[in-house]
Peer 1: 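Before I ask anything, let me first share the structure, which is written out below as structure tokens.
Because the structure is predicted, anything quoted here is derived from the model rather than measured.
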Amino acid sequence: MSSFDYDLFVIGAGSGGVRASRIAAQLGAKVAVAEDRFYGGTCVNIGCIPKKLFVYASHFSEEFEDAARFGWTVGESRFDWPTLVANKNAEIERLNGIYERILKNAGVEIIDGRATVVDAHTVEVAGRQVTAEHILVATGGKPFLPDIRGREHAAISDDMFYLEEFPKRVVVVGGGYIAVEFAGIMKGLGAEVTQLYRGPHFLRGFDDDLRHFLATEMRKKGIDVRFNSTVECIEKRGGEVCAELSDGSEIAADLILYATGRVAKTEGLGLEAVGVELAENGAIKVDEAFRTSVPSIHAIGDVIDRVQLTPVALGEGMWLARHLFGETPAPFDYADIPSAVFSQPALASVGLTEAQAHEWHGEMDVYISEFKALKHTLSGSEERSFMKLIVDKASDRVVGAHMAGPEASEIIQGLAIAIKMGATKAQFDATVGIHPTAAEEFVTMREPVVRARDEAAG
Ligand code: NDP
């Protein structure tokens with residue numbers, strides 16, 4: 001019989017915390033979870049889910065245009081921001097309820113309140129101290145804003161989901177997932193959008209061809225994408241905000257969104273006082289079993305800043321619960337994690353970029369297909385799609401797949417299974433396509449372009 005109040009005390013009911021709590025409880029552990037904001041965390045409330053709903057909303061403007069050449073007269077269209085926000089809020093409330101029920105049905109005790117760690121086995125929450133054999137910190141992350149003058153006038157991604165008025169002119173600062181996604185959303189919903197990125201090309205870490213392709217497509221849609229652009233300061237002038245750039249120019253807007261990364265949410269948890277080591281960027285340091293420098297305290301998800309993706313937090317949470325209360329699974333595998341950017345067009349990738357593949361494996365065959373989707377042969381849209389496979393010459397294994405175009409995320413998710421299984425290019429070629437689809441391109445790419453690419457790289 002344990003002498004602790006709980007076997008596991010989880011701080012944070014986001015994706016990782018909820019999954020770890022539920023699985024641990026199902027494995028027979030006595031579990032409590034403390035949450036001071038909303039069930040489901042960033043993903044459900046101010047991230048993936050409402051963002052994707054906004055992406056759907058923003059696509060309609062193009063759909064209405066595309067419809068005409070298919071014979072449809074759509075009539076006058078008008079976008080009402082408060083309607084979208086209200087309907088989105090109702091859906092998020094429904095999901096909050098589902099998350100709460102998931103926990104309750106699994107027998108997890110939910111404690112509303114902000115928890116702090118008192119010692120290796122004690123947590124203080126809602127005015128009382130409780131003990132646990134294991135403590136799990138799953139508090140996630142929060143937007144990072146650089147320290148520039150006037151930053152209090154900038155919006156962060158959290159704000160975008162609750163704006164009272166739809167801004168007509170938007171400046172997006174940053175070149176990562178969130179910046180690119182919101183640039184597309186706001187443009188599709190009717191705003192004039194300028195995106196400023198400090199480096200020579202945005203979406204660092206993605207395949208170079210994909211990054212260039214997306215920038216071209218975003219510009220074609222009318223987004224003013226500017227590279228090598230740094231904001232010096234922000235000023236509020238009357239009803240508008242103004243970004244002053246390092247080249248001396250200015251951009252006036254109704255809203256300036258800073259999407260310049262996210263940092264671990266560790267402040268005020270009492271972690272350092274009990275000896276939990278943090279990395280320089282504030283993330284909690286953990287070993288391969290998600291144990292911090294205090295062995296009874298564990299951490300998963302965005303707060304450890306390994307891979308800031310919901311499915312990774314879910315996987316880590318599940319792994320940890322099984323490790324603590326069931327049978328220890330094989331080490332959590334971070335290889336070949338697929339991811340998508342819900343830009344317009346969408347972009348998705350799994351495996352290695354061409355540059356990584358050359359660096360890690362040596363000689364590669366690269367297959368590229370760029371085309372106009374069948375729908376747009378009639379719609380009149382100039383949007384194009386892009387696909388790329390990277391094949392290790394020695395083993396014939398497909399080590400990377402990249403796509404920009406409609407349904408890229410859905411297509412790459414399927415390919416991720418093949419790549420995770422170590423599929424070869426010959427096996428891709430032996431797979432029969434589904435016609436007519438964009439996805440069939442991935443099984444019909446016959447001629448490598450590797451010489452041209454090597455020359456381009458060289
Ligand atoms: P990212 O880390 O993806 O991108 C941050 C961007 O901000 C980079 O372009 C970075 O530039 C730039 N930046 C950083 N510091 C500064 C600065 N001081 N001044 C100007 N620019 C700066 O962060 P996001 O906020 O977009 O997203 C956080 C994470 O959330 C993502 O990494 C992703 O893991 C996750 N996410 C996933 C989504 C999905 O799966 N679809 C959607 C949204 C978020 P540089 O490259 O030069 O460092």
Peer 1: Does E133 offer a backbone N or O that forms a donor-acceptor pair with the side chain of H121 under 3.5 Å?
Peer 2: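 Checking the backbone N and O of E133 against the side chain of H121, a donor-acceptor pair under 3.5 Å is found.
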
Peer 1: Hey, are D254 and R237 close enough for a salt bridge, meaning a charged N less than 4.0 Å from a carboxylate O?
Peer 2: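 Result for this pair is no, no salt bridge flagged.
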
Peer 1: Could you check if a side-chain atom of E272 sits within less than 4.5 angstrom of a side-chain atom of L278, using non-hydrogen atoms only?
Peer 2: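 Side-chain contact under 4.5 Å: yes.
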
Peer 1: Does the distance from a Lys or Arg side-chain N to an Asp or Glu carboxylate O, for E277 and K285, drop under 4.0 Å?
Peer 2: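 Yes, this pair counts.
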
Peer 1: If you count every heavy atom of other residues, nucleotides or ligands that lies below 6.0 Å from Q129 atom CD, does the total exceed 12?
Peer 2: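 Counting other residues, nucleotides and ligands, CD of Q129 exceeds 12 neighbours.
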
Peer 1: Going by the angle between their ring planes, with limits at 30° and 60°, are F202 and F227 parallel, tilted or perpendicular?
Peer 2: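 Taking F227 first and then F202, their aromatic rings stand perpendicular (interplane angle over 60°).
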
Peer 1: Could you go through I11 and V117, starting from their C-alpha distance and side-chain angles, then the distance that decides it, and tell me whether this counts as side chain to side chain contact (heavy atoms under 4.5 Å, CB included)?
Peer 2: CA-CA 9 Å; I11 307 179; V117 179; 3.9 Å; yes

Peer 1: Please say whether more than 12 non-hydrogen atoms of neighbouring residues, nucleotides or ligands are located less than 6.0 Å from CD in E152.
Peer 2: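 Atom CD in E152 is crowded, with more than 12 foreign heavy atoms closer than 6.0 Å.
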
Peer 1: Mark yes or no for whether D207, through its side chain, and E354, through its backbone, hold a donor-acceptor pair below 3.5 Å.
Peer 2: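 Checked: pair present.
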
Peer 1: Answer whether the closest heavy-atom distance between the side chains of V170 and T194 falls below 4.5 Å.
Peer 2: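 Not touching, per the 4.5 Å side-chain cut-off.
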
Peer 1: With side chain to side chain contact (heavy atoms under 4.5 Å, CB included) as the test, would you mind laying out the steps for R384 and E370 before giving the verdict?
Peer 2: CA-CA 7 Å; R384 295 184 68 78; E370 201 206 303; 2.8 Å; yes

Peer 1: For R219, look at atom CZ and say whether over 12 heavy atoms of other residues, nucleotides or ligands are found less than 6.0 Å away.
Peer 2: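 Result for CZ/R219: enclosed.
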
Peer 1: So, K388 and D209, do they make that salt bridge, N to O below 4.0 Å?
Peer 2: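 Looking at K388 and D209, the cut-off is met.
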
Peer 1: For the pair T131 (side chain) and D5 (backbone), establish whether a donor and an acceptor sit closer than 3.5 Å, ignoring hydrogens and angles.
Peer 2: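 Side chain of T131 to backbone of D5, a donor-acceptor pair under 3.5 Å: yes, one is there.
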
Peer 1: Is K221 salt-bridged to E383, cutoff N-O under 4.0 Å?
Peer 2: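 Here K221 pairs with E383 in a salt bridge, since their nearest N and O are under 4.0 Å apart.
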
Peer 1: Within a radius of less than 6.0 Å around NZ of K168, do more than 12 heavy atoms belonging to other residues, nucleotides or ligands occur?
Peer 2: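 12 or below, so no.
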
Peer 1: Do R226 and Y197 make a side-chain contact, defined as non-hydrogen atoms from C-beta onward lying under 4.5 Å apart?
Peer 2: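 Not in contact.
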
Peer 1: Distance under 6.0 Å and angle within 45° of the ring axis: does K88 meet both against Y162?
Peer 2: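 K88 over Y162 ring: yes.
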
Peer 1: Report yes if the side chains of I297 and R291 come closer than 4.5 Å at any heavy-atom pair, otherwise no.
Peer 2: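 No, every pair of side-chain atoms sits at 4.5 Å or beyond.
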
Peer 1: Quick one: does V31's side chain get under 4.5 Å of E109's, heavy atoms only?
Peer 2: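 V31 does not reach E109 side chain to side chain.
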
Peer 1: If we ignore hydrogens and angles and just use 3.5 Å, is the side chain of S21 paired with the main-chain N or O of G17 as donor and acceptor?
Peer 2: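 Yes; at least one donor-acceptor contact below 3.5 Å.
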
Peer 1: Which heavy atom in A115 sits nearest to a heavy atom in L269, and how many Å separate them?
Peer 2: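 Scanning both residues completely, I find the closest heavy atoms to be O-CD2, 3.5 Å.
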
Peer 1: Can you tell me how far SG of C43 sits from CD of Q308, rounded to the nearest 0.5 angstrom?
Peer 2: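 SG of C43 is found 13.0 Å from CD of Q308.
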
Peer 1: Is any side-chain heavy atom of M218 less than 4.5 Å from a side-chain heavy atom of V180?
Peer 2: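 Yes; the side chains approach each other to less than 4.5 Å.
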
Peer 1: Are F182 and F161 close enough that their ring centres sit under 6.0 Å apart?
Peer 2: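 For F182 and F161, the ring centres are under 6.0 Å apart.
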
Peer 1: State yes or no: are the ring centers of Y334 and F332 separated by less than 6.0 Å?
Peer 2: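 That pair passes the under 6.0 Å test.
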
Peer 1: Answer yes or no: is there a donor N or O on one side and an acceptor on the other, between the side chain of S58 and the main chain of V55, under 3.5 Å?
Peer 2: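 Such a contact is found between S58 side chain and V55 backbone.
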
Peer 1: Hey, could you give me the CD/CD distance between E250 and E232, rounded to the nearest 0.5 Å?
Peer 2: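 Output value for this atom pair is 12.0 Å.
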
Peer 1: When the aromatic ring centroids of F79 and F60 are compared, is their separation below 6.0 Å?
Peer 2: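 When the ring centroids of F79 and F60 are compared, they turn out to be at least 6.0 Å apart.
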
Peer 1: Less than 6.0 angstrom separating the ring centers of F206 and Y177, yes or no?
Peer 2: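 Yes - the distance between ring centres of F206 and Y177 falls below the 6.0 Å cut-off.
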
Peer 1: Indicate the ring-plane relationship of F290 and W319, choosing parallel, tilted or perpendicular according to the 30° and 60° boundaries.
Peer 2: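 The rings of F290 and W319 stand perpendicular, inter-plane angle above 60°.
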
Peer 1: Looking at E316 and R322, is any side-chain nitrogen of the basic one under 4.0 Å from a carboxylate oxygen of the acidic one?
Peer 2: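 Salt bridge flag = no for E316 with R322.
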
Peer 1: Has the side chain of E244 got a donor or acceptor atom that lies under 3.5 Å from a matching backbone atom of I234?
Peer 2: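 No; judged by distance alone, with no hydrogens or angles, the pair does not exist.
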
Peer 1: Quick one: CE on M318 to CD1 on I300, what's the gap to the nearest 0.5 Å?
Peer 2: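 So the CE of M318 and the CD1 of I300 are separated by 11.0 Å.
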
Peer 1: Between L309 and D302, what is the shortest heavy-atom contact and its length?
Peer 2: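 Closest pair (atom of L309, atom of D302, distance): N-OD1, 4.0 Å.
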
Peer 1: Does CD belonging to E240 count more than 12 external heavy atoms closer than 6.0 Å?
Peer 2: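 Above 12, so yes.
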
Peer 1: Counting distance only, does the side-chain N/O of S293 pair as donor-acceptor with the main-chain N or O of G275 below 3.5 Å?
Peer 2: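 Here the side-chain-to-backbone pair exists.
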
Peer 1: Contact between W81 and L163 at the side-chain level, heavy atoms closer than 4.5 Å - yes or no?
Peer 2: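 The answer is yes, as the side chains (C-beta and beyond) meet within the 4.5 Å cut-off.
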
Peer 1: Tell me which one of D112, N96, N45 satisfies side chain to side chain donor-acceptor pair (under 3.5 Å) with Y39.
Peer 2: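 So, applying the side chain to side chain donor-acceptor pair (under 3.5 Å) to Y39 and each of D112, N96, N45, only D112 qualifies.
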
Peer 1: Do V312 and I337 have side-chain heavy atoms sitting under 4.5 Å apart?
Peer 2: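 Sidechains of I337 and V312: in contact.
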
Peer 1: Between the side chain of K104 and the main-chain N/O of Y99, is any donor-acceptor distance below 3.5 Å?
Peer 2: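 Not a single qualifying donor-acceptor pair exists.
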
Peer 1: Say whether S369 and E441, considering side chains only, have a donor N or O and an acceptor N or O under 3.5 Å apart.
Peer 2: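 Note: S369 and E441 side chains meet the donor-acceptor criterion.
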
